[in-house]
A.B. asks: 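Once you've had a glance at the structure underneath, I'll fire off some questions.
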Amino acid sequence: MSTEEKSFNFIEQIIEDSLSNGLAQDKLRFRFPPEPNGYLHIGHAKAICLNFGLGLKYNAPVNLRFDDTNPAKEEQEYVDAIKEDLLWLGFNWAEERYASDYFQQLYDWAILMIKNGKAYVDSQSSEDMANQKGTPTQPGVDGPYRNRSVEENLTLFEAMKNGDFEEGKHVLRAKIDMTSKNMLMRDPLMYRVLHRHHHRTGNDWKIYPMYDYAHGESDYIEQISHSICTLEFVMHRELYNWFLDQIYDATKVRPNQYEFARLNLNYTVMSKRKLLQLVQENIVNGWDDPRMPTISGLRRRGYTAKSIRNFCETIGVAKRENVIDVSLLEFCLREDLNKTAPRVMAVLDPVKLVITNYPEGKEEWLEAENNQEDESAGFRKVPFSRELYIEREDFLEVAPAKFFRLSIGNEVRLKNGYIIKGESVTKDSNGNITEIQATYDTDSLSGSGTEASKRKVAGTLHWVSISHAIEAEVRLYDRLFIDEAPDSHKEKNFLDFMNKTSLEIVKGFVEPSLADVKSNDKFQFQRLGYFNVDKDSSASKLVFNKTVGLKDAWEEKGKKEENLLMNMLKEINKYVKEKDENAAENILIPIIENIKSIDNYSLIINTIVKNIKNDNNALLFANLVLKNSDKVATKDIEIEQITKLYSMSLKSQLVAVRILAIQNLKDDSENFSIFQTQLSELKNSEKNEKVLELL
């Protein structure tokens with residue numbers, strides 16, 4: 001038994017109890033059992049870290065078993081990708097197994113079950129079987145083939161195996177209890193006919209076992225002691241045990257199933273079917289697109305195996321479902337990269353800077369620290385010259401308050417270099433700045449020890465020497481979805497929430513120390529974020545992927561949008577109180593523009609619903625948001641709520657509320673007819689000409 005003095009998670013406690021109750025330490029065995037019908041995603045990483053972590057903790061073997069029982073969806077490509085992901089995450093398996101290894105044994109056990117009156121061949125259509133199974137509140141009824149003789153069942157099952165029947169003609173069902181409260185126990189399918197090529201067994205088999213049958217029996221064959229599944233399999237546990245009951249030998253280890261909460265991450269989807277849809281419809285560029293939540297996508301984006309393992313350890317193992325904020329995953333990544341990623345300089349939106357008092361043709365090689373978090377990282381040399389690139393956003397001709405970057409008449413320091421002062425600019429015919437002229441303080445070189453070098457200035461800018469710069473393609477990746485839960489909204493397709501700016505490709509310039517980078521090399525582009533060398537990169541064309549920013553831009557954006565909505569409510573109050581029509585209009589215009597700028601669907605919906613109350617200003621705000629946001633429609637709001645909004649708004653004392661409610665109703669054909677009576681009554685009592693005109 002483990003004697004480690006620390007608190008156990010509930011799975012570890014179960015294992016400790018098993019050991020206390022007599023299970024021998026050398027009988028502990030775990031498994032990670034993926035279906036090879038897609039690439040692994042971050043949700044699988046939690047299960048991987050849990051199972052292999054238990055193996056390491058208890059010095060027990062962990063099998064990698066592919067539950068390959070559905071040749072219609074499984075491919076060798078997925079098998080290879082899964083193995084690559086596991087190895088990259090840092091885990092090795094004891095044995096590589098496949099459910100298909102056990103097809104003969106599973107078939108033999110099915111024959112035994114038929115002989116024991118525990119299984120039968122059903123010849124109903126799938127629709128008839130569904131009807132016959134009943135509902136959660138109504139028991140099922142016995143089908144017409146449930147009491148076939150053992151001989152007939154054996155004959156039909158062998159014919160199914162031999163490929164004598166077309167798909168869907170017959171199935172083998174377990175004979176359990178058609179009145180069970182657990183619908184999974186109402187004679188579940190064990191085998192179906194599939195005339196498909198299997199990636200390992202070829203065309204040897206014409207029948208394939210169902211997952212629920214094969215999974216537990218495979219655990220038994222491998223003598224898995226603790227079969228750890230996610231919570232959606234809780235109802236399957238009874239069936240798991242029933243199948244084991246039919247074959248269990250008391251001299252062997254009997255597997256037991258335990259369930260934990262799967263990983264749910266916001267701003268993404270975890271369904272393999274939906275991820276496959278993204279790939280097949282070319283919405284992303286393959287399973288390893290850096291915007292995908294797949295392990296291969298995260299790896300290509302620049303995530304480290306350590307950051308993912310730390311993330312899984314941080315969130316822990318729970319019994320209840322919850323949603324983890326993706327910002328925690330990004331935090332774990334930043335924490336790791338901050339310690340390991342060399343700092344370099346790159347400019348992604350360049351504007352030319354000329355230091356007019358720096359000698360033409362001169363160049364210096366300045367000393368730059370590679371990583372202040374790692375003393376062993378050392379230093380490198382970066383070239384400095386008269387003409388540099390800086391970021392366009394780092395310069396304004398006239399600086400507002402708290403602009404700590406370069407402007408005319410103001411000073412900044414160039415990272416590792418000199419203090420410069422903005423002097424003048426050159427513009428093209430459209431007024432765009434094409435060149436900035438500056439002067440430098442010759443005695444201000446960083447680290448030189450002079451008085452001038454110690455002088456404090458407002459900001460420090462990164463830069464790249466133009467004559468030494470290397471051009472690079474930089475892929476700026478962002479979250480794939482703009483909503484926290486893109487696949488959770490009724491009557492909305494998850495694709496409706498695609499982030500249209502999830503990938504922007506720019507031409508940037510990097511310092512010459514990056515000339516010989518290799519795929520998956522990771523760097524911090526100073527002041528810009530962490531970047532990874534993409535597999536498309538070559539000696540003739542460098543390609544970098546943005547992994548993550550230095551700060552959580554989405555958290556900042558979320559807070560900004562929430563604050564914006566709060567401030568809008570204050571502006572609504574001003575608008576309502578303003579007597580002058582033109583002045584009121586001037587207050588309203590920016591309110592509408594701010595509403596249009598908010599992307600967060602859930603935030604907008606919640607704002608509307610929260611303001612459906614007996615308050616004129618709140619009703620005005622709810623109607624304004626509904627009218628002007630292109631992110632929501634009336635059908636996205638619960639019918640009770642939208643009905644309440646219209647009903648209260650049409651009775652409002654504020655003319656503006658009544659006007660907006662009528663306008664929203666006119667755009668809402670589904671609900672317009674419901675309010676015909678109330679609109680007619682309003683027409684008879686209304687005094688305001690604008691409202692009457694609308695009516």
Side-chain angles (χ1 to χ4, degrees), residues 393 396-403 430-432 482-483 496-497 499-501 553-554 556-637 641-642 645-646 648-668 672 682 686-695:
E393 68 171 19
L396 284 177
E397 279 188 88
V398 181
K402 297 185 179 180
F403 182 76
N430 295 319
N432 299 313
I482 59 172
D483 190 78
D496 293 340
F497 299 104
N499 181 4
K500 295 176 182 176
T501 59
W554 281 78
E556 290 181 7
K557 182 183 179 184
K559 288 178 179 177
K560 182 180 176 182
E561 290 187 340
E562 287 177 9
N563 291 334
L564 201 58
L565 285 167
M566 289 175 62
N567 291 331
M568 274 190 259
L569 265 174
K570 295 176 184 176
E571 293 300 304
I572 288 286
N573 294 335
K574 290 182 186 177
Y575 168 77
V576 170
K577 291 176 181 177
E578 181 57 59
K579 303 299 182 186
D580 183 273
E581 197 170 315
N582 289 330
E585 187 66 19
N586 288 334
I587 296 172
L588 187 61
I589 289 171
I591 292 175
I592 292 173
E593 290 304 311
N594 285 333
I595 289 171
K596 291 178 178 178
S597 73
I598 294 176
D599 291 326
N600 190 321
Y601 173 84
S602 297
L603 181 61
I604 296 169
I605 290 286
N606 291 337
T607 298
I608 293 171
V609 171
K610 194 165 62 175
N611 284 283
I612 301 174
K613 55 188 176 181
N614 194 20
D615 178 287
N616 287 320
N617 291 6
L619 290 172
L620 177 62
F621 190 35
N623 277 287
L624 271 172
V625 175
L626 184 61
K627 174 74 175 170
N628 294 287
S629 174
D630 62 353
K631 300 296 184 297
V632 297
T634 50
K635 64 180 175 60
D636 300 328
I637 303 170
Q641 295 287 352
I642 196 69
L645 174 63
Y646 288 140
M648 296 176 75
S649 299
L650 292 173
K651 296 173 185 174
S652 172
Q653 296 171 338
L654 275 182
V655 171
V657 175
R658 299 199 298 276
I659 287 173
L660 277 167
I662 295 167
Q663 289 174 338
N664 283 330
L665 263 172
K666 284 188 171 183
D667 294 332
D668 183 3
F672 186 78
L682 181 61
E686 182 60 53
K687 301 282 193 297
N688 185 274
E689 290 183 9
K690 288 184 177 178
V691 177
L692 284 169
E693 187 179 334
L694 272 173
L695 288 167

A.B. asks: Between atom CE of Met648 and atom CG of Asn611, what is the distance when rounded to the nearest 0.5 Å?
C.D. replies: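 Reported value, rounded in 0.5 Å steps: 11.0 Å.
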A.B. asks: Strictly distance-based, threshold 3.5 Å: is any side-chain N or O of Ser597 a donor or acceptor partner for the main-chain N or O of Asn594?
C.D. replies: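 Judged by distance alone, yes, a pair lies under 3.5 Å.
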A.B. asks: How far apart are the C-alpha atoms of Asp636 and Lys631, what are their side-chain angles, what is the distance that settles it, and do they pass the salt bridge (Lys or Arg N to Asp or Glu O under 4.0 Å) test?
C.D. replies: CA-CA 10 Å; Asp636 300 328; Lys631 300 296 184 297; over 6 Å; no
A.B. asks: Residues two or more places apart in sequence or in another chain: which of them pass side chain to side chain contact (heavy atoms under 4.5 Å, CB included) with Glu556?
C.D. replies: Lys551
A.B. asks: Shortest non-hydrogen contact from Leu650 to Leu682?
C.D. replies: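 Closest approach of Leu650 to Leu682: O-CD1, 3.9 Å.
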A.B. asks: Could you report the tightest heavy-atom contact between Ile604 and Ile598, atom names first, then the distance?
C.D. replies: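 Smallest heavy-atom distance, with atoms named: CD1-O, 3.5 Å.
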A.B. asks: Quick one: closest heavy-atom pair of Pro400 and Leu396, and the distance?
C.D. replies: CD-CD1, 3.7 Å
A.B. asks: Specify the closest pair of heavy atoms between Lys613 and Ala618, including all atoms of both residues, with the distance to one decimal.
C.D. replies: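 That closest heavy-atom pairing would be CE-CB, 3.7 Å.
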A.B. asks: At what distance, to the nearest 0.5 angstrom, does CD1 of Ile572 lie from NZ of Lys574?
C.D. replies: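 Here the rounded value is 12.0 Å.
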A.B. asks: Identify the heavy atoms of Ile591 and Ile587 that sit nearest to each other, and give their distance.
C.D. replies: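 Looking at all heavy atoms of both residues, the closest pair is CG1-O, 3.4 Å.
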A.B. asks: Would a 4.5 Å heavy-atom cut-off, applied to side chains only, mark Asp483 and Asp599 as touching?
C.D. replies: no
A.B. asks: Got a sec, which residues hit side chain to side chain contact (heavy atoms under 4.5 Å, CB included) with Gln641, two or more places apart in sequence or on another chain?
C.D. replies: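 So Gln641 forms a side chain to side chain contact (heavy atoms under 4.5 Å, CB included) with Val609, Ile612, Ile637, Glu638.
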A.B. asks: Check whether any side-chain heavy atom of Val576 lies under 4.5 Å from a side-chain heavy atom of Leu654, and answer yes or no.
C.D. replies: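 The answer is yes, as the side chains (C-beta and beyond) meet within the 4.5 Å cut-off.
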A.B. asks: Salt bridge (Lys or Arg N to Asp or Glu O under 4.0 Å) between Lys559 and Glu562: does it pass, once the steps are laid out?
C.D. replies: CA-CA 5 Å; Lys559 288 178 179 177; Glu562 287 177 9; over 6 Å; no
A.B. asks: State, yes or no, whether a side-chain contact exists between Leu588 and Leu624 at a heavy-atom distance under 4.5 Å.
C.D. replies: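 Yes, at least one pair of side-chain atoms sits under 4.5 Å.
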A.B. asks: Roughly how far, to the nearest 0.5 Å, is the OG1 atom of Thr607 from the CE atom of Met568?
C.D. replies: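 If we round to the nearest 0.5 Å, Met568:CE and Thr607:OG1 are 8.0 Å apart.
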A.B. asks: Which side-chain hydrogen bond (donor to acceptor under 3.5 Å, both in side chains) pairs, counting each pair once, include a residue from residues 655-666, with sequence neighbours left out?
C.D. replies: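 Every side-chain hydrogen bond (donor to acceptor under 3.5 Å, both in side chains) pair that includes a residue of residues 655-666, provided the two are not neighbours, is Asn623-Asn664, Arg658-Glu686.
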A.B. asks: Counting only heavy atoms from other residues, nucleotides and ligands, does the tally under 6.0 Å from CG of Asn614 exceed 12?
C.D. replies: no
A.B. asks: Under the ring-ring contact (aromatic ring centres under 6.0 Å, His included) definition, can you give me all pairs with a residue in residues 561-593, not counting sequence neighbours?
C.D. replies: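 ring-ring contact (aromatic ring centres under 6.0 Å, His included) check on residues 561-593 returns no pairs.
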A.B. asks: Please name the pair of heavy atoms, one in Ala656 and one in Leu620, separated by the smallest distance, quoted to 0.1 Å.
C.D. replies: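 Minimum heavy-atom separation between Ala656 and Leu620: CB-CD1, 3.8 Å.
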A.B. asks: Any ring-ring contact (aromatic ring centres under 6.0 Å, His included) involving residues 592-613? Give me the pairs, sequence neighbours left out, ordered by first then second residue.
C.D. replies: His489-Tyr601, Phe497-Tyr601
A.B. asks: Atom CG in Leu626, atom CD1 in Ile642: separation rounded to 0.5 Å?
C.D. replies: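 Rounded to the nearest 0.5 Å, the CG-CD1 separation comes out at 5.0 Å.
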A.B. asks: Let me confirm one number: the OG-CG distance from Ser649 to Leu619, rounded to the nearest 0.5 Å.
C.D. replies: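 Answer rounded to 0.5 Å: 4.5 Å.
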A.B. asks: Quick one: ring pair (Phe, Tyr, Trp, His ring centres under 6.0 Å) partners of Phe621, sequence neighbours excluded?
C.D. replies: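 Scan of Phe621 (ring pair (Phe, Tyr, Trp, His ring centres under 6.0 Å), adjacent residues dropped) gives none.
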A.B. asks: Would you check, one step at a time, whether the test side-chain contact (heavy atoms from CB on, under 4.5 Å) holds for Asp630 with Lys596?
C.D. replies: CA-CA 7 Å; Asp630 62 353; Lys596 291 178 178 178; over 6 Å; no
A.B. asks: Do Glu693 and Lys690 sit within salt-bridge range, that is, some charged N less than 4.0 Å from a carboxylate O?
C.D. replies: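 So Glu693 does not pair with Lys690 through a salt bridge.
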A.B. asks: Roughly how far, to the nearest 0.5 Å, is CD1 of Ile592 from OG of Ser629?
C.D. replies: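 Reported value, rounded in 0.5 Å steps: 12.0 Å.
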A.B. asks: I want to check something: taking the side chain as every heavy atom from C-beta on, are Ile605 and Ser602 in contact at a cut-off of under 4.5 Å?
C.D. replies: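 No, their side chains stay 4.5 Å or more apart.
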A.B. asks: Can you find a pair of side-chain heavy atoms, one from Thr634 and one from Leu645, that are under 4.5 Å apart?
C.D. replies: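 Contact flag for Thr634/Leu645 side chains = no.
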